[in-house]
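What follows is a set of notes on a single structure, which appears directly below.
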Amino acid sequence: MEKQVCDIYMQISDPLIRWFVREGRDLPWRRDRSPYRIWVSEIMLQQTRVEAVKPYFARFMERLPEISDLAEISQEELDKLWQGLGYYSRARSLKKCAQVLMEQYQGRMPEDYGKLLALPGIGSYTAGAIASFAFNLPAAAVDGNVLRVLSRLTASRRDIGLQSTKKYFESEIGSFLKTGGCEPRLFNGAIMELGALLCGPDRAPACGRCPVRTRCAAHNQGLTEILPMKSPKKPRRVEDWTVYLVTDGSRILIEQRENKGLLAGLYQFPALSGYLESGAFFEDRQVPYTFAAGPEARHVFTHVEWHMRSWVIRLSGEALMGLQTGSRRAVTKQELMERYAIPSAYKAYVKLLREL
């Protein structure tokens, strides 16, 4: 590590940690530094706001207080427990990892960064967070907040959208923490908190309240509104869909998606690609039904955007039951709300069905 960069970390560590101890938020996963709680919270916090995570974390821990509970829960119940957080693949990776922990580590998280990194669904950031927060090991935990803060502190012009930039800062922070100059759990927590509370993603960070502003290269060089550097995102792909809300008045038809790709294995309302007429749902089958246009909706994923139109189709109970297949089933409204995890992309249609 370059001496100049190392000096910056040495200079900021004490004032930054003092600020963190004094001003850090009281978060549920900070009150108990058990590896399990830290792991679950970090997975939930990926691409989700802290305030949104709190109730989900409390509910999750109440239902699944131990790794063994997570390993044994059915996928259907886990999806329902996760509903609203999005990115359901995260929940599935949690369960898979819990099963590996039961098989290989007697239901405990290993106290070793390399072993943590080898677990399913755990990348370098999550491994570093567990290692440092739970075990106080000298491991870097570099997420988007940390990349932004470090870029400004060192006036780095590296593109924070590149994996190479993340690896660079992981190496720098890891080397610094191994010098033993400060507690890893406090340093990592302080850097993250600074990014969350003061050194935000907007172009006007709250430098006046920053405990390390006099040591920040971007602040001293007038670069805080320029840094960090990040290449523009590629435009999202737009997909058009027609959603069919098929009901006999008391039951609704749902279908399970394939176990791969976007929203893998989750339940949804039957949908066909493109903007289609109501009769397209039945193909060549002769089924008596009435229909009405339903609401339009739009949902944005990371790399794709769905534009949806819908039809509300009413038919007899006998006709509805005849539409059931291996992936399609007719369920009551109560079952829909209590048992099945319907992705938030369809929330407008769930709301409509509640009122029918």
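The closest side-chain heavy-atom distance from Leu352 to Pro295 is below 4.5 Å. Between Trp39 and Ile122 the shortest side-chain heavy-atom distance falls below 4.5 Å. Side chains of Tyr349 and Met308 form a contact here, defined as non-hydrogen atoms less than 4.5 Å apart. With contacts defined as side-chain heavy-atom distances shorter than 4.5 Å, the pair Arg328/Pro270 qualifies. The shortest distance between side-chain heavy atoms of His299 and Tyr346 does not fall below 4.5 Å. Tyr125 places none of its side-chain heavy atoms less than 4.5 Å from the side chain of Val142. Residues Arg152 and Pro228 form a side-chain contact, since some pair of their non-hydrogen atoms from C-beta on lies under 4.5 Å apart. At a threshold of 4.5 Å between non-hydrogen side-chain atoms, the residues Leu116 and Thr126 do not count as touching.
Separating the CD atom in Gln268 from the CG atom in Leu263 is a distance of 7.5 Å, to the nearest 0.5 Å. Within the model, atoms CG of Asp32 and CE of Met61 stand 9.0 Å from one another, a figure rounded to the nearest 0.5 Å. Atoms CG and CG, on Asn259 and Leu266 in that order, are 9.0 Å from each other to the nearest 0.5 Å. The line from OG1 of Thr302 to NZ of Lys233 is 7.5 Å long, rounded to the nearest 0.5 Å. Ile67 contributes atom CD1, which lies 11.0 Å from atom CD of Gln106 (distance to the nearest 0.5 angstrom). Remark: Glu23 CD to Arg209 CZ distance equals 9.0 Å, nearest 0.5 Å.
With hydrogens and angles disregarded, a donor-acceptor distance shorter than 3.5 Å links the side chain of Asn220 to the backbone of Thr214. No donor-acceptor pair under 3.5 Å is formed between the side chain of Arg37 and the backbone N or O of Trp29. Between the side chain of Arg257 and the backbone N or O of Leu262 there is at least one donor-acceptor pair closer than 3.5 Å. Here the side chain of Arg213 pairs a donor or acceptor atom with the backbone of Cys210 at under 3.5 angstrom. In terms of modelled atom types and a separation under 3.5 Å, the side chain of Gln83 and the main chain of Ile342 share a donor-acceptor contact. Checked by atom type and distance alone, the side chain of Arg90 pairs as donor or acceptor with a backbone atom of Gly86 at under 3.5 Å. With Lys230 contributing its side chain and Leu162 its backbone, the two residues share no donor-acceptor pair below 3.5 Å. Side chain of Ser93 to backbone of Ser89: a donor-acceptor contact under 3.5 angstrom is found. In this structure a side-chain-to-backbone donor-acceptor pair under 3.5 Å is missing from Arg148 to Asp143. The backbone N or O of Asp159 sits less than 3.5 Å from a side-chain atom of Thr165, completing a donor-acceptor pair.
Partner Val246 forms a side chain to side chain contact (heavy atoms under 4.5 Å, CB included) with one of Val312, Leu320, Val287 and no other, that one being Leu320. Of the residues Arg329, Gln256, Glu335, the one that meets the side-chain hydrogen bond (donor to acceptor under 3.5 Å, both in side chains) test with Tyr340 is Arg329.
For the residue pair Arg185 and Ser132, the shortest heavy atom distance occurs at CB-O, 3.1 Å. Taking every heavy atom of both residues into account, Leu177 and Cys182 meet most closely at CD2-SG, 4.2 Å. Taking all atoms of both residues into account, the shortest heavy-atom contact from Gly317 to Arg251 is CA-NH2, 3.7 Å. Looking at every heavy atom in both residues, Glu255 comes nearest to Ala271 through OE2-N, 3.4 Å. Across all non-hydrogen atoms, the minimal contact from Arg215 to Pro211 is NH1-O, 4.4 Å. Among all heavy-atom pairs drawn from Gln99 and Ala71, the shortest one is NE2-O, 3.4 Å.
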Assess whether side chain to side chain donor-acceptor pair (under 3.5 Å) is satisfied between Ser124 and Glu170, documenting all intermediate values. CA-CA 9 Å; Ser124 61; Glu170 284 176 342; 2.6 Å; yes
Could you walk me through whether Glu296 and Arg298 pass the salt bridge (Lys or Arg N to Asp or Glu O under 4.0 Å) test, one step at a time? CA-CA 7 Å; Glu296 296 184 3; Arg298 173 177 169 269; over 6 Å; no
Full working for side chain to side chain contact (heavy atoms under 4.5 Å, CB included) between Ile12 and Ile191: CA-CA 10 Å; Ile12 68 168; Ile191 288 283; 4.3 Å; yes
Could you go through Leu70 and Tyr36, starting from their C-alpha distance and side-chain angles, then the distance that decides it, and tell me whether this counts as side chain to side chain contact (heavy atoms under 4.5 Å, CB included)? CA-CA 10 Å; Leu70 174 56; Tyr36 176 51; 3.8 Å; yes
Please walk me through it: do Ile252 and Lys333 pass side chain to side chain contact (heavy atoms under 4.5 Å, CB included)? CA-CA 7 Å; Ile252 302 110; Lys333 292 181 182 180; 3.4 Å; yes
Go through it in stages, so that I can follow the logic: the residues are Glu193 and Arg25, the test is salt bridge (Lys or Arg N to Asp or Glu O under 4.0 Å), and I'd like the CA-CA distance, side-chain angles, deciding distance and then a yes or no. CA-CA 8 Å; Glu193 197 75 341; Arg25 291 167 294 179; 2.9 Å; yes
Taking it one step at a time, do Val331 and Gln334 satisfy side chain to side chain contact (heavy atoms under 4.5 Å, CB included)? CA-CA 8 Å; Val331 301; Gln334 184 174 359; over 6 Å; no
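Glu51 has no carboxylate O lying under 4.0 Å from a charged side-chain N of Arg49, or vice versa, which leaves the two without a salt bridge. Between Asp26 and Arg31, at least one side-chain nitrogen of the basic residue sits less than 4.0 Å from a carboxylate oxygen of the acidic one, meeting the salt-bridge criterion.
Counted within 6.0 Å of NE2 on His307, heavy atoms from surrounding residues, nucleotides or ligands total more than 12; the atom is thus considered enclosed.
Looking only at atom types and distance, the side chain of Tyr244 has no donor-acceptor partner in the side chain of Ser278 under 3.5 Å away.
In this structure, Arg314 fails the cation-pi test against Phe291, since its NZ or CZ atom is not both closer than 6.0 Å to the six-membered ring centre and inside 45 degrees of the ring normal. Cation-pi geometry between Arg33 and Phe133 is not met at under 6.0 angstrom from the ring centre and within 45 degrees of the axis.
Listed by first and then second residue, the side-chain hydrogen bond (donor to acceptor under 3.5 Å, both in side chains) pairs involving residues 66-77 are Arg63-Glu77, Gln75-Asp79, Glu76-Arg339 (not counting sequence neighbours).
In terms of hydrophobic clustering, with Ile, Leu, Val, Met, Phe, Trp and Tyr side chains grouped at heavy-atom distances under 4.5 Å, Tyr87 and Leu45 are assigned to different clusters. Using a 4.5 Å cut-off between side-chain heavy atoms of Ile, Leu, Val, Met, Phe, Trp and Tyr, with links allowed through other members, Met321 and Tyr267 fall into different hydrophobic clusters. Residues Met109 and Tyr105 fall within the same hydrophobic cluster, defined by Ile, Leu, Val, Met, Phe, Trp and Tyr side chains chained together at heavy-atom separations under 4.5 Å. Residues Val53 and Tyr88 fall within the same hydrophobic cluster, defined by Ile, Leu, Val, Met, Phe, Trp and Tyr side chains chained together at heavy-atom separations under 4.5 Å. Residue Trp241 is not grouped with residue Leu253 when hydrophobic side chains (ILVMFWY) are merged at heavy-atom distances under 4.5 angstrom, including chains of intermediate members.
The six-membered or imidazole ring of Phe135 lies away from that of Tyr113, with a centre-to-centre distance of 6.0 Å or more. Between Trp306 and Phe301, the gap from one ring centroid to the other is short of 6.0 Å. When ring centroids are compared, Phe187 and Phe176 come within the 6.0 Å threshold.
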